[in-house]
Amino acid sequence: MKNICVIPNIHKDKNLRTTRSLVEWIIQHGYKPILNEVVAQKIGFSEYGKSGTEIFEKSDFIVALGGDGTILNVARQCASFSTPILGVNLGHLGFLAEVDAEDVVEAVEKIVNNEFFIDKRMMLEASIIKENMEAVNLIALNDIVVTRGSFSRMVKLKVFVNEQYVNTYLADGIIISSPTGSTAYSLSAGGPIVYPNLELFVITPICPHTLHSRSIIVSEKDKVKLVIVGENQDVMVTTDGQQGYKLNSGDTIYVKKSNRYTNLIRLKSMNFFDLLRSKLSERNFNI
């Protein structure tokens with residue numbers, strides 16, 4: 001029996017109609033749905049609710065209903081379990097979602113019949129060092145971003161690669177992006193578009209105070225170090241634009257390739273360039 005986890009974005013799936021319909025289909029076809037306890041209770045299927053990491057431990061694959069943000073959130077949560085993720089688009093066209101809501105049942109049928117392949121995506125890992133001790137360890141699929149906090153002043157950051165000094169940036173921040181994240185915040189900050197199945201880092205300054213500051217690409221074997229310099233710095237580090245952690249002057253952030261991957265379910269051979277043209281055309285249209 002297949003255990004199929006369904007994780008909806010409750011703000012995009014109004015009244016959880018798509019979630020409920022999919023769960024009913026899963027049960028009717030002899031499979032077992034796995035849900036967050038709160039969602040399970042809301043749609044009247046409390047017996048299928050699980051708590052904490054149990055929903056990932058018990059699942060054969062995950063259906064993430066929402067958009068790229070939902071998929072990013074699920075990717076971080078299930079990274080330790082390597083659970084494959086099917087992204088279902090409930091909003092604007094995204095780079096990570098594989099199918100639209102009206103096609104979700106057909107997609108799940110193909111998956112249970114093993115008519116799919118796995119697209120492995122490199123993830124990033126960041127360690128924050130405070131007073132010579134590791135304070136927190138973070139993981140991301142798209143990017144690790146060090147940026148100014150609540151005040152409008154720029155931040156001052158020293159950047160090193162493998163302990164070799166690169167530059168001191170006076171900017172709104174620094175983006176350390178994976179190839180997957182190269183089409184997200186990094187692209188908006190002027191970074192390059194990277195084919196998603198490569199393994200490397202892109203270091204992109206955000207609105208730097210010098211015209212010569214440009215993105216730098218380093219290999220997946222390298223280790224990037226960011227040091228917060230200057231007095232009274234109000235700085236944050238964020239993962240995928242969703243989780244934040246406050247930093248202070250003197251704090252150090254190490255970023256490296258994670259040994260974990262996000263496993264995205266693909267039902268057909270992905271043409272990244274078709275998707276890229278479509279997404280960028282949509283951005284231009286919406287401006």
_Full working for side chain to side chain contact (heavy atoms under 4.5 Å, CB included) between Val112 and Ile4_ = CA-CA 9 Å; Val112 296; Ile4 305 172; 4.1 Å; yes
*With Glu163 via side chain to side chain donor-acceptor pair (under 3.5 Å) - residues at least two apart*: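 Side chain to side chain donor-acceptor pair (under 3.5 Å) check on Glu163 returns Lys225.
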Hphob cluster co-occupancy, [X] + [Y], side-chain heavy atoms under 4.5 angstrom:
X	Y	result
Val88	Val39	yes
Leu124	Leu72	no
Val159	Val237	yes

*asked:* Going by side chain to side chain contact (heavy atoms under 4.5 Å, CB included), Ile7 matches just one of Val63, Val74, Ile85. Which one?
replied: Val74
_Going by side chain to side chain contact (heavy atoms under 4.5 Å, CB included), Ile55 matches just one of Ile34, Asn3, Val6. Which one?_
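Only one of Ile34, Asn3, Val6 forms a side chain to side chain contact (heavy atoms under 4.5 Å, CB included) with Ile55, namely Ile34.
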Shortest non-hydrogen contact between [X] and [Y], atoms and distance:
X	Y	answer
Val255	Ala126	CG2-CB, 4.2 Å
Ala97	Asp68	N-OD1, 3.5 Å
Thr180	Pro196	OG1-O, 4.3 Å
Met123	Ala75	CE-O, 3.9 Å
Ser215	Thr204	OG-OG1, 2.8 Å
Val194	Phe272	O-CZ, 4.1 Å

*So, do Phe61 and Phe56 have ring centers that fall under 6.0 Å from each other?*
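No, too far apart.
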*With Asp274, which residues qualify under side chain to side chain contact (heavy atoms under 4.5 Å, CB included), at least two apart?*
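Asp274 satisfies side chain to side chain contact (heavy atoms under 4.5 Å, CB included) with Asn271, Arg277 only.
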*Taking only residues two or more places apart in sequence or in another chain, which ones pass side chain to side chain contact (heavy atoms under 4.5 Å, CB included) with Ser219?*
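Partners of Ser219 by the side chain to side chain contact (heavy atoms under 4.5 Å, CB included) criterion, ordered by chain and then number, come out as Lys221, Asp222.
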*Is Arg266 salt-bridged to Asp119, going by a charged N under 4.0 Å from an acidic O?*
yes
_The criterion is ring-ring contact (aromatic ring centres under 6.0 Å, His included); which residues satisfy it with Phe81, sequence neighbours excluded?_
none
*Quick one: ring-ring contact (aromatic ring centres under 6.0 Å, His included) partners of His11, sequence neighbours excluded?*
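Once residues adjacent in sequence are excluded, His11 has no partner under the ring-ring contact (aromatic ring centres under 6.0 Å, His included) criterion.
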*So, the side chain of Thr239 versus the backbone of Ile144: is there a donor-acceptor pair under 3.5 Å, distance only?*
no
_Other ILVMFWY residues reachable from Met133 by side-chain steps of under 4.5 Å_ =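 The other cluster members (ILVMFWY side chains, heavy atoms under 4.5 Å, direct or chained): none.
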*Residues sharing Tyr254's hydrophobic cluster, by side-chain heavy-atom contacts under 4.5 Å among ILVMFWY, directly or via others?*
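Its cluster mates, by chain and number, are Ile129.
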_Parallel, tilted or perpendicular: ring planes of Phe45 versus Tyr48, cut at 30 and 60 degrees_ =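 Tilted: the ring planes of Phe45 and Tyr48 meet at 30° to 60°.
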Nearest 0.5 Å, what's the [atom1]-[atom2] distance between [X] and [Y]?
X	Y	atom1	atom2	value
Asn142	Ile176	CG	CD1	13.5 Å
Ile62	Thr70	CD1	OG1	12.5 Å
Thr19	Asp13	OG1	CG	4.0 Å
Leu22	Leu65	CG	CG	6.5 Å
Arg260	Cys78	CZ	SG	10.5 Å
Asn162	Lys223	CG	NZ	9.5 Å

Which residue pairs satisfy the salt bridge (charged side-chain N to carboxylate O under 4.0 Å, His left out) criterion with at least one member in [range], sequence neighbours excluded?
range	result
residues 103-112	Glu106-Lys110
residues 180-191	none
residues 72-91	Arg76-Asp240
residues 192-203	Glu199-Lys257

*asked:* Show every side chain to side chain donor-acceptor pair (under 3.5 Å) that has at least one partner inside residues 126-138, sequence neighbours left out.
replied: Glu125-Asn137, Ser127-Glu134, Ser127-Asn137, Lys130-Asp251
*Is it true that the side chains of Tyr165 and Thr168 contain a donor and an acceptor less than 3.5 Å apart?*
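Checked: Tyr165/Thr168 side chains pair up, N/O donor to acceptor below 3.5 Å.
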*No-hydrogen, no-angle side-chain donor-acceptor test under 3.5 Å, Ser177 and Asp143*: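 Note: Ser177 and Asp143 side chains miss the donor-acceptor criterion.
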*Does atom CD of Gln243 have more than 12 heavy-atom neighbours, drawn from other residues, nucleotides or ligands, at distances under 6.0 Å?*
yes
*Is the number of heavy atoms from other residues, nucleotides or ligands under 6.0 Å of Lys42 NZ greater than 12?*
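For Lys42, atom NZ is not crowded (no more than 12 foreign heavy atoms under 6.0 Å).
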_Derivation of the side chain to side chain contact (heavy atoms under 4.5 Å, CB included) call for Val99 and Asn89_ = CA-CA 6 Å; Val99 298; Asn89 179 35; over 6 Å; no
*Could you walk me through whether Phe160 and Gln164 pass side chain to side chain contact (heavy atoms under 4.5 Å, CB included), step by step?*
CA-CA 5 Å; Phe160 301 79; Gln164 297 180 1; over 6 Å; no
_Lys2 to Tyr31, cation-pi by 6.0 Å centre distance and 45° axis angle_ =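 Because its charged atom misses either the 6.0 Å distance or the 45° angle limit, Lys2 does not stack over Tyr31.
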_Is there a side-chain hydrogen bond (donor to acceptor under 3.5 Å, both in side chains) between Ser213 and Thr210? Walk through the geometry before answering._
CA-CA 6 Å; Ser213 296; Thr210 53; 2.6 Å; yes
_Walk me through whether Val235 and Val146 qualify under side chain to side chain contact (heavy atoms under 4.5 Å, CB included)._
CA-CA 7 Å; Val235 188; Val146 178; 3.4 Å; yes
